[in-house]
Protein chains: 2
Amino acid sequence: MRPEPARARREELLALEHFLPYRLSVLSNTVSGRIAKFYEARFQLTIPEWRVMAVLGRFPGLTAAEVTERTAMDKVQVSRAVARLKKTHRIEQRAVEGDRRARHLFLTETGHGVYAEIVPFARDYERRFTAGLSANERAQFDRLLDKLTAAAGTL
Amino acid sequence: MRPEPARARREELLALEHFLPYRLSVLSNTVSGRIAKFYEARFQLTIPEWRVMAVLGRFPGLTAAEVTERTAMDKVQVSRAVARLKKTHRIEQRAVEGDRRARHLFLTETGHGVYAEIVPFARDYERRFTAGLSANERAQFDRLLDKLTAAAGTL
DNA sequence: GCAATATAGTTTCATCTGAAACTATTATCA
DNA sequence: TGATAATAGTTTCAGATGAAACTATATTGC
């Protein structure tokens, strides 16, 4: 059975490869996928776990709720990442004075070791990733990303 | 128990909010999430399903393998999206002459209806999303996205 | 002070996902 | 031709995910 010729249609077409949300998604998934593969192979670490470690490296003692505020993660993701990081001895908890629901989170000695190894890798990956852009292009891209992120939040 | 003051560390810190892969991921997830919510609410359609419909709207008769080539999806995702789209009567299949493994995929009349409604929405969403950018900025961003996507592929 | 409400964090449940195994068919080549 | 390898597409399985329900604790308002 031979496909009959398509009847002429008046409908607008859309080229996925020029559609900005699609392009963003492809780039983001490629980049995150590669990074995730490295973290997994080298440290058995997921990206949510790394994000928690990253903010705790910079802001020791945040609670899980505060980690949630500082990352684009929800509290379930944070709770799970924290549970795994405790099990693998990368973070530890200390009581919050005056609130027995929450706990301060800190990188352990082990956690700091992982952190100290990942940071240079991350910087280097980013450097290689943007090596084809001039400093000016890189700044421009950053600025436009900011604008778009703000815009996306209000749509 | 009062947290003891953190011992001074020599380690480099990394600000997640300036890390390009993180920023890309946040923007992409925000944008895709909003679009997904709309597709789901309006059409009970997932993003993988929409991607399949989008390429079939433009290239009627592709096989699943060809859809895989033209989208950033793997064959499992395509297979599942195709199965759902058949069940909801948005696409139909016709035999490929000389190869009984593959089938040509086409939007049905129903599928064209959905497609014809989504395309203007998608264009409009993109327009609003980039409304804060000048034509020049928009072109610049597109160009840099291309560069970065190419770079990410080779890392 | 105590009932109602809010918050921190966890668990459950149903769904989604990717990798690998699988079936059916086609291509290669000795 | 028949054995082997490659390809199209599907299914299975184990783990990831998000929404909603849940526990424990804290805050608010009467």
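Lettering follows sequence order; numbering is per chain, from 1.
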Practice prompt. Look at the side-chain heavy atoms of Ile, Leu, Val, Met, Phe, Trp and Tyr, link any pair under 4.5 Å apart, and say whether A:Val76 and A:Trp50 land in one connected group.
Written response: no
Item to complete: Check the distance between C:dT10's P and A:Leu85's CG and give it to me in whole angstrom.
Response: 12 Å
Worksheet item: Counting side-chain heavy atoms from C-beta on, which of C:dG9, C:dA20, C:dT10 comes nearest to B:Val76?
Response: C:dA20
Worksheet item: Between B:Gly98 and A:Arg103, which has a closest nucleotide on DNA chain C that is more 5'?
Response: A:Arg103
Worksheet entry | B:Asp74 side-chain proximity, nearest of D:dT25, D:dG9, C:dG18 | C:dG18
Worksheet item: How do A:Asp99 and B:Gln77 order along DNA chain C: which one's closest nucleotide is nearer the 5' end?
Response: A:Asp99
Fill in: Pi-cation contact, B:Phe59 with B:Arg70 (under 6.0 Å, within 45°)
yes
Worksheet item: Shared ILVMFWY cluster between B:Val119 and A:Leu16, side chains joined below 4.5 angstrom?
Response: yes
Worksheet, complete the sentence: From CG of A:Asn29 across to P of C:dG18 the rounded distance in Å is 9 Å
Fill in: d(CD1, B:Ile91; P, D:dG9) in whole Å
11 Å
Item to complete: Let me know the distance between CD of A:Glu69 and C1' of C:dG9, rounded to the nearest Å.
Response: 14 Å
Discussion item. As a test of reading the structure: which of D:dC13, D:dA8, C:dA20 is closest to the side chain of B:Arg80, going by heavy atoms?
Written reply: D:dC13
Worksheet item: What is the distance from NE2 of A:His104 to P of C:dG9, rounded to the nearest Å?
Response: 10 Å
Fill in: Nearest listed nucleotide, side chain of A:Thr63, among C:dA19, C:dG9, C:dT10
C:dG9
Fill in: Whole-Å distance separating the CG atom of B:Leu105 from the C1' atom of D:dG9
11 Å
Discussion item. So, does A:Arg100 get its side chain near the phosphate of D:dA26, meaning an N or O under 4.0 Å from OP1 or OP2?
Written reply: yes
Worksheet item: Can you check the B:Lys75 NZ to C:dA24 C1' distance for me, whole Å?
Response: 12 Å
Worksheet item: Please give, in whole Å, the distance from D:dA8 C1' to B:Leu62 CG?
Response: 14 Å
Worksheet item: Which nucleotide in the list D:dT10, D:dA20, C:dG9 gets nearest to the side chain of B:Lys86?
Response: D:dT10
Discussion item. By nearest atom, which of the nucleotides D:dA26, D:dT10, D:dG18 is closest to the A:Arg101 side chain?
Written reply: D:dA26
Discussion item. I'd like to know if B:Arg23 pairs up with A:Glu126 as an ion pair, taking the criterion as any Lys NZ or Arg NE/NH1/NH2 lying under 4.0 Å from an Asp or Glu carboxylate oxygen.
Written reply: no
Worksheet entry | Parallel, tilted or perpendicular: rings of A:Tyr39 and A:Phe121 (30°, 60°) | perpendicular
Fill in: Residue B:Ala65, side-chain atoms from C-beta onward, closest of C:dT11, D:dT10, D:dG9
D:dG9
